[in-house]
Amino acid sequence: MKMLYKKLALILPLLFLSFIVNCQDLNHSFKPGQIWPDTEGKHINAHGGGIIFYNGIYYWFGEYRLGRSDKDRSRYGVSCYSSKDLLNWKNEGLALKVINDTASILNPGCVIERPKVLFNKKTGKFVMWFHHELKGKGYKAALTGVAVSDNITGPYKYIRSLRPNAGVWPLNFPEEYKKATIKEADLKSSTDEWTVAVREGLFVRRDFAGGQMARDMTLFVDKDGKAYHIHSAEENMTLHFSELTDDYLDFTGRYIRVLPGESNEAPAIFYLRGKYFMFTSGTTGWKPNPGRLAVASKIFGEWKPLGNPCRGTEDENKICFGSQSTQILPVNGKKNAFIYMGDRWTPDNLADSRHIWLPIEWEKGNPIIKWYPNWNLNKL
Ligand code: GAL
């Protein structure tokens with residue numbers, strides 16, 4: 001008996017100590033803007049990301065970015081993290097890797113941004129799409145890339161990159177726009193005349209044969225299982241909503257233009273009670289600008305702008321709390337609960353960019369966001 005007490009006297013303090021240490025290691029709340037340690041204590045390196053919930057686990061895919069000293073060197077690909085509680089994330093490694101072969105356009109040094117993954121019920125495969133730019137060509141290529149995997153965490157097999165919808169007109173493109181003959185060279189950029197011409201399809205016509213531009217992007221699956229690739233097209237002036245084939249690996253050629261000439265990027269879509277809501281940003285590169293919200297009653301319906309969804313100080317609203325949208329995440333097991341996910345970019349050290357997660361709240365039936373330096377899921 002004495003021995004047992006002695007042993008317990010030794011073990012109990014140790015157990016208590018390890019409990020304290022473990023508690024300290026765990027994240028207990030969202031702290032937007034701060035370093036967000038993964039289960040190894042390293043800041044989560046998954047930027048411009050997207051999360052899917054699969055078999056009771058959340059998987060976060062994002063841009064694997066390099067630190068300050070590695071600036072402008074090759075990018076590695078797409079990272080993946082997993083979590084059961086949305087707060088504590090385990091690094092699952094790179095889901096998609098750049099290909100070390102000069103013959104491949106997914107070679108080190110290319111740009112891979114805003115990756116999103118879907119699970120296709122029909123094929124049982126995981127499909128990843130991402131914005132892809134070619135090495136040394138800045139943001140000129142405006143391609144979207146697709147990769148596929150049997151396992152959620154990868155490795156994803158790169159299939160190809162393309163400009164979507166070559167040789168097809170948008171469904172909501174009037175006949176007179178198709179026939180118009182005005183060209184880019186006839187106009188001075190950013191003048192009123194130019195803006196009207198852009199709205200009336202200047203770039204859609206220019207890119208008709210080769211396919212439409214695809215930069216900032218997201219994916220959205222509708223209630224009927226149809227998936228949409230939503231991307232900034234037309235020199236970032238107009239969003240295109242493009243239907244994907246049933247296997248999610250290609251475009252059907254059915255697409256619409258949304259908010260023509262309004263310069264939206266960073267699209268993030270969600271659905272609630274008969275309404276589709278879309279968060280976007282304006283186009284100021286890495287610098288944040290006022291958030292934007294739009295609504296529609298059908299995915300291929302009429303999208304109406306609803307203004308700025310941020311409810312902070314005037315300065316905070318001007319920069320969307322220092323963030324740019326990437327996804328609106330439905331929280332499993334909670335009714336009508338969504339999280340705004342955004343990026344606060346640090347262009348000189350992209351790996352250090354911060355994750356700005358905020359609870360979606362409601363005002364007159366529309367989603368809004370407020371700033372909370374420290375919050376948890378009870379808020380939803
Ligand atoms: C932003 C875009 C980012 C990245 C950046 C590069 O507008 O949302 O994903 O492409 O420009 O400047």
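First listed ligand is number 1; within each ligand, the first listed atom is number 1.
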Could you tell me whether Gly285 and ligand 1 have an N or O pair separated by under 3.5 Å? yes

Proximal atoms of ligand 1 relative to Tyr139 (non-hydrogen, under 4.0 Å): 6 (C), 10 (O)

Can you list the steps and then say if Met341 with His355 is a side chain to side chain contact (heavy atoms under 4.5 Å, CB included)? CA-CA 7 Å; Met341 292 165 54; His355 309 290; over 6 Å; no

Return yes or no for this condition: an N or O of Arg114 is under 3.5 Å from an N or O of ligand 1. yes

Should the pair His132 and Phe130 be assigned to parallel (<30°), tilted (30 to 60°) or perpendicular (>60°) ring geometry? tilted

For atom 4 (C) of ligand 1, closest protein heavy-atom neighbour: Glu113 OE1, 3.4 Å

Side chains of His231 and Ser242: donor-acceptor distance under 3.5 Å anywhere? yes

Would you check the N or O atoms of Gln324, main chain and side chain alike, for any that come under 3.5 Å of an N or O of ligand 1? yes

Can an N or O of Glu265 be found at a distance shorter than 3.5 Å from an N or O of ligand 1? yes

Say whether Asp216 and ligand 1 are in contact under the criterion: heavy-atom distance to a ligand atom below 4.0 Å. yes

Between the side chains of Lys223 and Tyr271, is a donor N or O closer than 3.5 angstrom to an acceptor N or O? yes

Do you see a donor-acceptor pair shorter than 3.5 Å between the side chains of Asp85 and Ser83? yes

With a 3.5 Å cut-off and no angle check, do the side chains of Thr252 and Glu243 form a donor-acceptor pair? yes

